[in-house]
Structures are given as structure tokens and as C-alpha cells.
2 protein chains.
Amino acid sequence: MAPDQPMMLLVRKLQTRVPLDRSDVQAVLELPFTIHSYEAPAYLVREGTTALQQCSFIRTGFAIRQKLTVDGNRQIVGLCLPGDFVDLQHLFLNRADHNVQALTRLDAIDVDRAALQQLAQSRSNVGKALWIDSLIEASVHREWVLNIGRRDARQRIAHLLCEFVLRMRHAGLEQEASCEFPMTLEQLADAAGLTSVHVNRTLKALAGAGAIRRTKRSLTFTDWDQIRDIGDFSALYLHLEQGGPEGV
Amino acid sequence: MAPDQPMMLLVRKLQTRVPLDRSDVQAVLELPFTIHSYEAPAYLVREGTTALQQCSFIRTGFAIRQKLTVDGNRQIVGLCLPGDFVDLQHLFLNRADHNVQALTRLDAIDVDRAALQQLAQSRSNVGKALWIDSLIEASVHREWVLNIGRRDARQRIAHLLCEFVLRMRHAGLEQEASCEFPMTLEQLADAAGLTSVHVNRTLKALAGAGAIRRTKRSLTFTDWDQIRDIGDFSALYLHLEQGGPEGV
DNA sequence: CGTAATATTGACTCACTTCAATCAACGTGG
DNA sequence: CCACGTTGATTGAAGTGAGTCAATATTACG
């Protein structure tokens with residue numbers, strides 16, 4: 001149970017959803033796991049894969065969920081931050097329905113699927129925490145449908161940036177308003193359902209309005225209230241308070 | 001366990017995901033429930049609601065999941081067919097993150113939330129079936145993000161129609177190629193991230209190409225292969241075969 | 001340094017929206 | 001049984017946000 005024990009990351013993640021007792025923690029720490037490193041843009045999961053032996057989560061680095069149309073257009077359907085599960089869906093689904101790709105160099109912790117299944121069904125706190133995690137992911141997907149379907153480019157980009165920053169902050173990975181932003185224009189475009197050319201223009205407009213500042217590889221929020229308003233952002237869909245008492 | 005027992009619908013639904021043994025079935029049938037009727041466009045769930053006492057599923061009729069932007073634009077983020085859960089997410093989330101609205105007259109079966117939680121965590125087959133259901137829902141959301149983000153109007157509408165028909169068929173509710181289609185142009189538009197004017201033109205084009213036929217209140221698929229090709233539709237994301245053996 | 005990604009910018013195009021008018025279907029009450 | 005109102009469908013004309021194409025600049029990095 002050393003603090004540098006990789007599985008402590010999982011324990012802490014679960015504890016943001018449901019309080020775990022000592023024996024729960026012990027059981028999680030005893031799960032069989034291996035660690036895997038990937039270089040961008042390696043695939044962690046490929047759509048259609050069926051022999052799924054583990055569920056992974058991210059120790060360091062970033063990944064994206066994406067799907068492709070027949071004509072080769074890519075849509076990013078979700079982001080994976082450090083501490084997030086990459087394929088919790090494979091706990092019970094037998095076929096991958098989308099791709100997961102490394103955005104940066106990343107370390108993933110692969111937990112044995114059968115053992116995690118077993119744990120999820122025998123320890124109700126752990127099961128509940130995992131279940132909540134997958135329910136929140138669905139909620140985020142719904143917000144993305146709204147974002148892409150009914151907001152214009154300016155709002156979409158702003159919303160996406162807000163989600164990124166808030167999730168970073170919630171994961172304890174963001175110090176100030178500024179942060180290293182891991183996505184290129186093209187990736188941002190694929191996440192927003194736009195083109196990189198238009199994302200470039202939109203970011204320039206946001207910077208012109210004073211909402212953000214851009215330097216080579218990082219992104220600063222110079223006016224959080226403004227960008228939140230532009231992006232029509234409300235954090236409710238992230239269910240960040242779920243760890244609290246019932247009915248919050 | 002009479003065949004007209006409302007909860008048999010839930011049993012059958014769960015059995016499409018995981019085989020249940022006799023005692024599982026018995027336990028499900030013993031869940032406390034009430035039945036509720038709604039007229040369109042009544043709300044079954046309102047975003048932000050916190051005192052969630054039950055999880056509902058649809059006995060007859062149709063509903064939609066939807067969210068609104070500040071400026072009042074509506075986006076439909078999912079469809080609920082007869083036999084589908086309306087708010088399985090409330091099994092463990094304490095706040096509604098979107099609205100659910102009746103599309104037609106509908107009967108819903110409200111299952112006591114605490115009892116269902118209890119069952120989900122004590123009976124692993126039931127728990128697994130419910131969990132799979134919520135994972136599939138997330139998969140459908142991902143496909144919607146792709147559909148709205150990276151397909152043009154023609155493809156989007158075709159894809160949406162394919163999903164509807166396939167889910168109807170899977171629920172055992174569709175006889176032939178034709179079917180009563182419960183959505184207006186405006187609702188179709190809100191589901192596809194388009195305007196009703198453009199949906200009208202797009203449907204007309206699809207009918208002109210011989211892919212569908214439209215009469216007042218119904219929609220016929222005159223050429224399933226064509227509409228599937230137009231919509232870039234592959235049913236993998238619906239995980240319909242999940243009930244089968246592992247690794248299918 | 002050289003080379004490949006990524007970012008930037010301008011000019012032009014187009015898919016979809018907006019606005020607005022008309023039409024059809026349907027339920028309802030007198 | 002029919003006028004009427006309401007909701008949904010249809011069509012045309014005009015506008016626009018975002019895409020496309022293409023050239024150039026910048027950055028990363030071996």
C-alpha cells in the first residue's frame with residue numbers, strides 16, 4: 001500500500017465516487033495488473049476487437065475515443081485523462097465498439113478483466129463506484145451530442161475547453177488557470193465536428209475577445225467566466241459531486 | 001407469472017442480455033412497481049431533479065431523451081422504445097442530467113429504485129444484465145456523436161431511420177419493412193442536429209432515390225440495402241448479440 | 001540542417017439555415 | 001356535419017457559417 005503503488009490511483013478514483021472501507025481497498029490493491037506504455041498515436045483499443053482480457057486505466061498521459069465513417073472522417077467521441085478508465089465498457093461488453101488512441105505518450109494500467117468483474121459483483125462499494133463511472137461517461141456523451149448538434153463553432157470549442165479544464169482540476173492535475181493542452185487543432189476539430197481551419201479561426205476569435213491566451217503548446221484561460229458563458233457550460237453533467245451524500 | 005404480468009416485460013428485456021435462472025426471474029417479478037401513463041409531450045424526467053425514487057421502463061409507447069442549450073435549442077440525445085429503460089442511470093446517479101419526454105401516449109412501469117439497486121447488487125445475473133444495458137446505451141450515444149459530428153444530412157437521417165427500425169425489430173415490434181414512425185419532422189430534426197425544413201428536403205430526396213416511401217403517418221423501407229449504405233449503418237454499436245456466448 | 005507535422009491565412013464554395021408563405025390533416029365545439 | 005384553430009408538412013428565395021483548396025509560415029526533432 002505504498003503511495004507509489006500504481007493501483008492506489010484506481011483506489012483514489014473509486015473513492016471519488018463511493019467511500020471504500022479498508023477491506024475494499026485491500027481487495028482492489030490485490031487485483032492482478034500489468035503496466036503498458038504507448039507512444040502517440042498508438043491504439044489502445046481497436047473497434048471490433050473481441051478477445052478482451054483486461055480493463056485499462058490511465059496512469060499518465062492522455063487518450064481519445066474515436067470512431068470513423070466509411071469515407072474516413074474521424075470523430076473524437078470522448079477524452080481520457082490521467083486516472084480515467086479507458087475501456088470500462090469491456091467489463092461486460094464482449095466487442096469493442098470504438099477505438100481508443102494515445103494522444104501523448106502514456107502509461108496504462110491493465111487490470112485483469114475477469115478479476116475486476118468478480119470484484120465488481122462481490123463488493124458492492126466497488127461495483128457501485130465502477131457503475132457510477134460508466135453512467136457518468138454516458139452523461140458526458142449526451143452533453144457532447146448536444147454540443148455538436150446544437151451549438152455553433154465558438155460555443156462548441158469553448159465548451160470543450162471548459163470540460164477539459166474542469167476534469168483536469170477535478171483529477172488534481174491543474175495548478176493555475178493555464179495548462180498544457182495536449183490537443184492539436186486537427187484533434188480539436190475532430191472532437192468538435194469541425195475542420196482544423198475553422199477551429200484555428202475560432203480560437204483566434206476567442207483569444208481576440210480576451211477569453212483565452214494561446215502560446216505554442218499551452219493554453220491559458222484569461223477569463224474563465226467569459227469562456228464558461230460563451231460555451232454555455234454547466235458542470236452538472238459531469239456529476240462531480242456524486243461522491244457526496246445521497247440526494248445532493 | 002401470468003404472461004400479462006407487466007414485469008415479465010422487464011424479465012424478457014434482461015434475458016436478451018444475460019440468461020436468468022428461475023430464482024432470478026422470481027426476484028425480478030417480486031420487485032415493487034407502479035404503472036404510470038403519460039400523454040405526449042409530458043415529461044417523464046426533468047433535468048436537475050434530485051429526489052429520485054424509481055427507475056422506469058416503457059411498457060408501450062415512445063419517449064425521447066433531450067437537452068436544451070441556453071438559447072433554447074433542443075437536441076434529442078436518444079430514443080426510448082417499448083421495453084427500454086427510461087432512466088436506468090438513476091440507479092446510481094442522484095441527479096437527472098437530461099430530460100425524458102413522451103413522444104406518444106405511453107405507459108411506463110416505475111420500479112422502486114432502492115429495491116432495484118439491492119437486486120442489482122445481490123443477484124449477479126440481474127446486475128450484469130442491467131449493467132450491460134447501460135453500457136450499450138453509452139455505445140449508442142457514441143455513435144450519435146459520430147453521426148451528428150461527421151455525417152451529412154442525408155447520411156444522418158438514413159442512419160437514424162436504420163437505428164429505429166433495427167431496434168424495433170429487435171424488440172419484436174416490427175412486422176414488415178413498413179412501420180408506424182412516431183416522429184415529426186421537427187423531432188427528427190432535433191435528433192439529427194438539423195432543421196425541420198432541411199429534414200423535409202432530405203426525406204424527399206431519399207424517397208426520390210427509392211430508398212423509402214412516405215405516406216401521412218408511416219414510413220416504409222422500400223430498399224433496406226440502399227438506406228443502410230446511405231446511412232453508413234452497421235449494427236455493431238447496438239451490441240444486439242450480447243446475449244450470446246462470451247467472445248461472440 | 002533538413003524534413004515532417006502543425007499552424008496560419010486568403011479566396012471561394014456550398015450545405016444547411018432562415019424567413020415566410022401556403023397547404024393538409026385533424027380534432028373540437030357549436 | 002361543417003367552420004375553425006392548431007399543428008405539422010411543404011416549398012421557394014435569400015443568407016451565412018463553416019468547408020474546401022491552396023499557399024506559406026512555424027515548430028519539432030532527429
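Below, chain A is the first sequence line, B the second, and so on; all start at residue 1. The structure presented is a predicted model; accordingly, all values stated were derived computationally and were not measured.
When the nucleotides D:dC21, D:dA18, C:dT18 are ranked by their closest atom to the side chain of A:D152, D:dA18 comes out on top. You'll find that the side chain of A:K204 is closest to C:dT9, out of D:dT10, C:dT9, D:dT20. Distance from the side chain of A:H198 is smallest for D:dA18 among the nucleotides D:dA18, D:dT20, D:dT10. Closest to the side chain of B:L185, out of D:dA18, D:dC21, D:dA9, is D:dA9. Comparing C:dG10, D:dA18, D:dT11 against the side chain of A:R201 picks out C:dG10 as the nearest. When distances run from any side-chain atom of B:T184 to the nucleotides D:dG8, C:dT8, D:dT20, the shortest one goes to D:dG8.
One atom, CD of A:E39, and another, C1' of D:dC29, lie 14 Å apart when rounded to the nearest Å. Distance A:R151 CZ to D:dG17 P: 18 Å, rounded to the nearest Å. In this structure, B:R154 atom CZ and C:dC14 atom P are separated by 18 Å, rounded to whole Å. Per the geometry, CE belonging to B:M183 stands 19 Å off P belonging to D:dT7, to the nearest Å. The distance between atom CZ of A:R105 and atom P of D:dC29, rounded to the nearest whole Å, is 14 Å. Distance CD (B:Q187) to P (D:dG8): 7 Å, rounded to an integer number of Å. The separation between A:E186 atom CD and C:dA4 atom P is 17 Å, rounded to whole Å. D:dA9 atom C1' lies 14 Å from atom CG of B:L219, rounded to whole Å.
Taking the six-membered ring for Trp and thresholds of 30 and 60 degrees, A:F164 and A:F181 have ring planes more than 60 degrees apart, a perpendicular arrangement. Ring-plane geometry between B:F85 and B:F57 is classed as tilted, the angle between the planes lying from 30 to 60 degrees on a 0 to 90 degree scale.
If you find the closest nucleotide of DNA chain C to A:R150 and to A:N200, the one lying nearer the 5' end belongs to A:N200.
In plain terms, the two heavy atoms of A:L52 and A:R95 that are nearest each other are CD1-N, 3.9 Å.
For the pair B:R214 and D:dT10, the criterion of a side-chain N or O lying under 4.0 Å from OP1 or OP2 is met. Taking only side-chain nitrogens and oxygens, A:T195 never comes nearer than 4.0 Å to OP1 or OP2 of D:dA18.
Because its NZ or CZ atom is not both nearer than 6.0 Å to the ring centre of A:W144 and within 45° of the ring axis, A:R65 does not count as a cation-pi partner of that residue.
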Canonical and wobble pairing (Watson-Crick, G-U, under 3.5 Å) of DNA chain D, dot-bracket with |: ||||||||||||||||||||||||||||||
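A donor atom on one side chain and an acceptor atom on the other are not found under 3.5 Å apart for A:H141 and B:E137.
Using a 4.0 Å heavy-atom criterion, one finds that B:R156 contacts no nucleic acid atom at all.
The residues B:R150 and A:D190 are annotated as salt-bridged, a charged nitrogen and a carboxylate oxygen being separated by less than 4.0 angstrom. The pair B:K67-B:D97 fails the salt-bridge criterion, with no side-chain N (NZ, NE, NH1 or NH2) lying under 4.0 Å from an Asp/Glu carboxylate O.
A donor-acceptor pair is defined here as one N or O able to donate and one able to accept, closer than 3.5 Å; no such pair exists between the side chain of B:D110 and the backbone of B:T34.
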